[in-house]
Structure formats: C-alpha cells, structure tokens
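Structure first, commentary second.
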Number of protein chains: 2
Amino acid sequence: MSTDNALEEATEVLQQLGLKEYEAQCFVGLSRLSTGTAKQLSEITDVPRTRVYDAVRVLEAQGLVEIQHSSPQRFRAVPLEEATETLRDQYETRVDRLSNALRAAGEMEPKDEGPVQEMWALSGGEAIANRANQLLTNAAEEVVLVLGDDSLLTDELTATIGGLDDEVDVLVGAVSESLEAQIQASLPRATTFVSGLEWFRPQEGSGDELSIGRLLLVDRSNILVSTIVAGTLEEQAIFGGGFRNGLIVIARRLLSQGLFPGRDPREE
Amino acid sequence: MSTDNALEEATEVLQQLGLKEYEAQCFVGLSRLSTGTAKQLSEITDVPRTRVYDAVRVLEAQGLVEIQHSSPQRFRAVPLEEATETLRDQYETRVDRLSNALRAAGEMEPKDEGPVQEMWALSGGEAIANRANQLLTNAAEEVVLVLGDDSLLTDELTATIGGLDDEVDVLVGAVSESLEAQIQASLPRATTFVSGLEWFRPQEGSGDELSIGRLLLVDRSNILVSTIVAGTLEEQAIFGGGFRNGLIVIARRLLSQGLFPGRDPREE
DNA sequence: CTGGTGAGTCACTCGGTTAATCACAAAATG
DNA sequence: CATTTTGTGATTAACCGAGTGACTCACCAG
C-alpha cells in the first residue's frame, strides 16, 4: 500500500470512529510528526492553518492529542497504543451505559406471534458469524454445517462446535477437499464430507456472481444460509426456524439426497 | 432512573456509537418490542413511519436488526449481547486498520527539539489514566504519587505499581486517612502517608471549584498533575519532563518540605 | 367496478453542522 | 520599528439529516 493510500485509510477509519475530517487529518499528521506546530500541520495535511487550532482542541478534549501551551503552540499525538486504549475504554463505557439503559427500559407487550414460519434477513460478516454461533450453542441433537469458503472456518467457530455436548451429532461439509482436510484437522469430533452440490459455486451467467457462504442446519428446525458476492466481503444471510418452514424442508431434502444418503431426516 | 430517561440515554449512547437519531430510536424501540412493524415502531418512537424503512435498512446492513420480508415487513432487534459483540468486532477491525495504516504511513523527519523544558496538556479521565500508567511503567528509581480522590485508585493502577521493579521506591499519599488505608491495603509495597498539603482541597471563593486529582512524580524528572472540577468527572492534566522544568522544581520543594522531611530530593 | 385503507417508495424542504475562506489583532522576529 | 508569524473570530458555502407530503401498489368492502 502506498503511503498516500495509507494516510487516506487512516483518516477514513478515524472518521468512522467518530472524528471529523479535520480532526482525523490532524491526528494522522501529528502521528507522523512526533511534534508539530499549526503551520507544519497545515502544510502536510490539507487542513487550513486557521482551523488546525479548533480541531486539535477537540482532539485534546478526547485525550488523543497533547498541547504545549507556548508560542507558537506545539502539538503532539498520544502514542498509538495509548490512543487505541483510550478509544477502547470509551467504547466499553458506552456499551455498558447502553446495556444498562436498555435493561432499565424493559420490554413492552410481547404481542405474541402465531407459530408461523418466519424467515429473517441479516447482513454483515460479523453479525452473521455471531448469529450462527448462537444457533450452534443451542444445538441439542444435530448440527449440519457446510462451508463455502476457507475464511469462514474461524477459531471462534471451531471453539463453539468443540464445546458442544457430546450428544450432538456434528456434520461439517466443505466445497473442496483441501477445506475438508482443514476442517477435519481442527474439528476431530465432526464427521466431514465434501459437498456434492453444485450451487455452492457462483452461478454462471446470472449477472452478479453470488456464491454460498455457509449453510447451517441445527436440530433440523433452524436454518441459516448466507451468500457472498464475488469480489467483496459483503455477506448476507437469511435464517429462520420452525419445522414447517419451507426452506427447512427443502434443505432437509437436499441434505438427505445429495449428501449422505444413509441419514434420512425424520419425516414430517 | 425512569423508563423515559433510560430510553433517552440509550438512543444517545447509540448515536455516540455512530448511529443516526432515527436509527438509534428504531433500535431502541425494537429492543423492547421483540418484533414489530413500521407502524408499531413509529408509534412508540417518534420516528415518522415513512422513515422507519430507511433507518431499519441501515441497521440491517450493520447487523443490528433482522428483517422479515413479508407484508407488512416485520423487524426484530438482534439480542443485546450479539449486538454489542458485533459493535465490538467493528471497533476492533477499525482499530486494526488504523494501526496498520499509520504504521504503513511511517514517520516524517523528527525535526528534533532542543532539550527545552516542555509542558503538555491532556484532557479526559481515561486518557490521563493511560498516560499516568505509561509514566509509571518507565519508573527506574522513585515514584511519588498523591491521590485526591478514592475513585482514582483503580485496579489498573495498583497492578502497574505492583509490577514495578523492586529497586523502585514507591511513595503514595492520600488526602484522607480512609483513602490512605485503602491504598496501604492494595499496595503493600508502597510507603503511604496523608498529604499535609491544603491545596488538594477546592479553593475557597475562586469561582469554579477545582480540586487536585492526582499528582505524580516519577524519578524526580517527570511530573503529572491533574485537576477535577467539582461536580463533574471532567479531568484535566498537565505533565512534562526534564530536570530544569519549573513545575518539577516546585513539586520537589513541596514534597520535601510538606510531606516527608527526612527525604530531601537531590539538590539542583 | 369502485372507493377506501394500509404498506412502501420517492421527492422535496428546512435547519443545523462542517468545511473552507477571509479579516484582524496580538505576538514574535530581526 | 517594520514585517512576518500566530491565534481568534466572523462569514460564506456545501452538505447531510430530520421532518413532511405525494404517489403507487395491493388488498378489501361495497
């Protein structure tokens, strides 16, 4: 990565972490300057000199920058580890406050649902991983998991599966033999196989190139399927529960026919 | 705390975590609703019904909300633990990216300073605690620390001091005897005392009521002093190094005269 | 077939915030 | 003392989010 790109990325990330553009640029500038004046900063960052002062003041108030009150003023960025630690503390504080506030708010009338079949959508790799994880921990009898990509075999995943009750059957499939080998190595308790199904590969011709990320079936009643668009890391998932859910029925059929003929799912 | 206040706080914190007002309100609303439609949401949150859709879509993209594509659409908030976990992952990812980008950017010419005496300013409890911590870990001979408030005696602080080399003399003072007792209990290696100095107490008459938070002197060459404004938790600190620094000279005099007459700092 | 209702999308206005520039006073420099 | 540098404040322009209303579509009742 070129230095320029690195600088851009740094300011961008800082903005995502809550800083304004000027503030982000000033922090990045100071991070590579050890110490600097408003003038120097405005030269290496395209922040107008007269605006440096405000930006730095805000940064100081957040504990990210130190100010030497001399003339001219000199500024210095807090060391990176200290800065990230400070930001982390901030995050933890906020999440705590959020938890407490939401707990204090309490629920409203559940407005209970009929036991209809429900399907839900969810986006983002981390969120999907978390959800998959949670479904796994609730497994009581059987887990069927098919992974479409090496990167989805995370430590967290193996830990969760490894920690399941011995009663639970674990079947893990992969799209390639190399991936199957990896899985076998990190999950000795699991029965592994190579998926014979074709639709884990990107569909030909169909405009956007989608491939299956994960397919998870827990206790034959909860399912999660995620897709990944070809180039990016964007992951989208749908999931749902209930025996009468159409997708689950389909999934069961697929699994029983295409994957391991010996193991028929219970008939409905 | 009243339910209303809790709701307000929750949306406020969520905004600090990067959500827009509508998004925050929708998430809070969904958190107490188990499941809800756009209409229900707009009734319990004051988000216009027609804007609920956008807000929820954004939330879904961030992995905080699940969408059921039916008619009418139903929304559901991800469980709190999952949500905070997702947010934490997001934070970690960003900090990583930031670290890498800054590392890749590298330093510029150090533009080295003369060995002048420098004083720096820094705000915010966490940032100051981190800085104090870092000063402490660099201690080679002597640490003098005076605490003006119970809340400043954190586990992190005791851990850091506890982990110092045995060579390092540790002297810790407190403004009250009860605090001294606490310190003695958690820091057996330290020599403790009750500060005889008056100015740790808020100054009478002087407009804003300031009190001293911490006073830290490391190896007689680095000093950090923080103040806390009366009611709030706002903490501000100045710190600096160098033997010739005026503040350090004053601090040494104060310490040698007011605190422990037997221990004179080395003459300058 | 028609009028009515609720769901969902889209286009637009208004107001506050932020980026950007300029004018000016205070301080430093030589 | 003259000139540059430093810092503050006011002002303008661009942008984004909050808030509102028009419109389409599907469904339902008459």
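Here is the naming used below: chain letters follow the sequence lines, and residue numbers restart at 1 for every chain. Source: prediction; values computed, not measured.
- Looking at heavy atoms from C-beta onward, B/E23 lies out of side-chain contact with B/D54 at the 4.5 angstrom threshold.
- To the nearest 0.5 Å, atom CD1 of residue B/I128 and atom CG of residue B/N133 are 13.0 Å apart.
- Annotation: side chain to side chain contact (heavy atoms under 4.5 Å, CB included) contacts of A/P79 (sequence neighbours excluded): A/E81, A/E82, B/R131, B/Q134.
- By the side chain to side chain contact (heavy atoms under 4.5 Å, CB included) test, B/E21 is found to be paired with B/Q15, B/Q25, residues two or more places apart in sequence or in another chain being considered.
- The pair B/E43-B/R49 does not meet the salt-bridge criterion, since no charged nitrogen lies less than 4.0 angstrom from a carboxylate oxygen.
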Please list, pair by pair, any protein nitrogen or oxygen found under 3.5 Å from a nitrogen or oxygen in nucleotides 26-30 of chain C.
none

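- Within the 4.5 Å cutoff, the side chain of B/I44 has heavy atoms near those of the B/L33 side chain.
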Under 3.5 Å, N/O pairs linking protein and nucleotides 17-23 of chain C:
| from | atom 1 | to | atom 2 | distance (Å) |
| --- | --- | --- | --- | --- |
| C/dT18 | OP1 | A/K20 | NZ | 3.2 |
| C/dA19 | OP1 | A/E21 | N | 2.9 |
| C/dA20 | OP2 | A/Y22 | OH | 2.9 |
| C/dA20 | O5' | A/Y22 | OH | 3.3 |
| C/dC22 | N4 | A/T50 | OG1 | 3.2 |

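- Bracketed by its first and final contacts, the part of DNA chain D lying under 4.0 Å from non-hydrogen atoms of chain A reaches from D/dT6 to D/dA10 in 5' to 3' order.
- A donor-acceptor pair is defined here as one N or O able to donate and one able to accept, closer than 3.5 Å; such a pair exists between the side chain of B/Q40 and the backbone of B/T37.
- At least one donor-acceptor pair closer than 3.5 Å links the side chain of A/T35 to the backbone N or O of A/F75.
- With salt bridges taken as basic N to acidic carboxylate O contacts below 4.0 Å, none links B/E66 and B/R74.
- For the side chain to side chain contact (heavy atoms under 4.5 Å, CB included) criterion with A/F27, the lone passing option out of A/V56, A/T45, A/V65 is A/V65.
- Ionic pairing of A/R214 and A/E235 is present here: one or more N-O contacts between side-chain nitrogen and carboxylate oxygen are shorter than 4.0 angstrom.
- Taking atom CG of residue B/L41 and atom C1' of nucleotide C/dA7, one finds them 14 Å apart after rounding to whole Å.
- Residues from residues 52-66 of chain B lying near DNA chain C, meaning a heavy-atom separation below 4.0 Å, are B/Y53, B/R57 in numerical order.
- Side chain of B/Y91 to main chain of A/R88: a donor-acceptor pair is present (N/O by atom type, distance under 3.5 Å, no hydrogens or angles).
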